[in-house]
Amino acid sequence: MPEPSHRLRWAPIPATSLNIELSLTSGQVFRWTRNAGGAWLGAVGDIGAYIVPAERGFWWATYPPDRWNVVEAFFSLQVDVESLYREWVRSDRRFAELIDLFRGLRILRQPPESALCSFICSSCNNVPRISGMVGSLARLVARQLAVPWFEELRADPTLVDLARVQERALRDAGFGYRARYLAQLGRLACSGLTPDIEGLERFGWSEARAALMALPGVGAKVADCVGLFAYGRHDVVPVDTHVRRYVVARFRPDLATRSLTPRVYDALAAEFRGIMGPYAGWAQQYAYMAARSGVAIASLQGGTG
DNA sequence: TGTCGACCTGCCATA
DNA sequence: CTGTACAGGTCGACC
């Protein structure tokens, strides 16, 4: 594969501030790939991106060229993680361990419509399979980008793109019961029956969240993922099975046996947000990774130390 | 409000 | 190698 070496730009953002591999493989985005040379390839909306990590920074290229603002926004580089780390350790001393493990992990800012599609696919699912589905979805419905240094790169899909495929084709491609949600969403979008997903970002979160939850296949968890990963709502805490396990073990053992009703969901999110503060959504990603990777939750039990 | 089962499929760990 | 439990949930029907 030809590499855009003559176009590469340098960004002096150290790996301690942005761990590219960790951020791209932490279950936020599912379509980035790494080539043999260690470069990461992916799309951000309609923009192709090429990222080569290094210790003291990273090399980057986009197509169309030189879209630094896209790279900067995607990696949320305006957020100073070092100051977050200092705050988190003050809020919860045991976060020091998670920061050591996952230093440089950032919340990525994705186009909301494709984030919606991805997290509809994520329900009751595992990351390898989600990646396969999200890749298939892009191949089935999204526009091919004419990026010279990719053999094949699809744009991030939009909701109207979804109407290009029948539910049956999605089922044949292995989407299972999520096929119905996606096909239905595409029909609604083409009929003008979905809200302006991009525009919802400017609404209050409770209003935007309710609008998202009215869409097929979108419950509290998926809506919260759109809030955190697409709208830049840093304080929104999606409560999945891992985060639930973490918060229950760490702070709310009284909720251990309760089923995850909307009330319990909100209580867990509120508990975590109350402790971790306005960037609780970012902190959630660290807790998620810890719980998912089997870092001894037991060792995290008992008080807020 | 809270509980239950259905919805699809494949990964992963253990028999 | 065949069998389970489970995986970044949501929805509708009943208490």
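To find a chain, count down the sequence lines: A is the first, B the second, and so on, and within it residues start at 1. Keep in mind that this is a model prediction, so the values were computed, not measured.
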Any idea which of [options] is nearest the [X] side chain?
X	options	value
A:Tyr181	C:dG9, B:dC8, B:dG2	C:dG9
A:Pro128	B:dC11, B:dC8, B:dT3	B:dC11
A:Lys221	C:dA7, B:dG2, C:dT10	C:dT10
A:Ser259	B:dC8, B:dT3, C:dT10	B:dT3
A:Asn126	B:dT1, B:dC7, C:dA7	C:dA7

Practice task
For A:Arg103 and A:Leu22, work out which heavy atoms get closest and say how close.
Solution key: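 That closest heavy-atom pairing would be O-CD2, 4.4 Å.
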
So [X], base contact, sugar-phosphate only, or nothing? Heavy-atom distance under 4.0 Å.
X	result
A:Leu215	sugar-phosphate
A:Val222	sugar-phosphate
A:Ala220	sugar-phosphate
A:Ser26	base
A:Phe175	nothing
A:Val218	sugar-phosphate

Would you mind reading off the distance between [X] atom [atom1] and [N] atom [atom2], rounded to a whole angstrom?
X	N	atom1	atom2	value
A:Met213	C:dG12	CE	C1'	15 Å
A:Leu182	C:dT10	CG	C1'	13 Å
A:Gln184	C:dT10	CD	P	15 Å
A:Leu116	C:dT10	CG	P	11 Å
A:Arg129	B:dT9	CZ	P	7 Å
A:Leu212	C:dG9	CG	P	18 Å
A:Arg178	C:dC11	CZ	P	13 Å
A:Arg258	B:dG2	CZ	P	6 Å

So what's [N] paired with, Watson-Crick or G-U wobble, going by both distances under 3.5 Å?
N	value
C:dC15	none
C:dC1	none
C:dT10	B:dA6

Practice task
Could you tell me whether the side chain of A:Asp235 reaches within less than 4.5 Å of the side chain of A:Arg233, counting heavy atoms only?
Solution key: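 Yes; the side chains approach each other to less than 4.5 Å.
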
Problem - Of A:Gly217 and A:Arg292, the one whose closest DNA chain C nucleotide lies more 5' - result: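 Checking each residue's closest nucleotide, the 5'-ward one belongs to A:Arg292.
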
Problem - Toward the 5' end of DNA chain C, by each residue's nearest nucleotide, A:Pro238 or A:Pro216 - result: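 Looking at the nearest nucleotide for each, A:Pro238 comes out on the 5' side.
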
Exercise for the section: Determine, answering yes or no, if A:Tyr177 is stacked on B:dC7 under the 5.5 Å centre rule and the 30° plane rule. Expected result: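 Stack criterion met.
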
Practice task
May I ask you to check whether A:Ser122 and A:Asn125 show a side-chain donor-acceptor distance below 3.5 Å?
Solution key: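 The answer is no; no qualifying pair exists.
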
Does the separation of the ring centres of [X] and [Y] fall below 6.0 angstrom?
X	Y	value
A:Trp60	A:Tyr50	no
A:Tyr288	A:Phe102	no
A:Trp10	A:Trp59	yes

Handout entry: Separation of the P atoms in C:dA7 and B:dT14, to the nearest angstrom
Key =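 Straight-line distance between the two P atoms is 14 Å.
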
Handout entry: C1' atoms of C:dG12 and B:dT9, separation to the nearest Å
Key =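 Looking at atom C1' only, C:dG12 and B:dT9 are 22 Å apart.
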
Problem - A:Ser23 backbone acceptor or donor facing A:Ser26 side chain under 3.5 Å - result: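 At least one qualifying donor-acceptor pair exists.
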
Practice task
Report yes if a side-chain nitrogen or oxygen of A:Arg180 is closer than 4.0 Å to either non-bridging phosphate oxygen (OP1 or OP2) of B:dC7; otherwise report no.
Solution key: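 False: A:Arg180 side-chain N/O out of range (4.0 Å or more) of B:dC7 OP1/OP2.
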
Problem - Side chain A:Arg171 and base B:dC8 donor-acceptor under 3.5 Å - result: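 Such a pair does not exist between side chain and base.
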
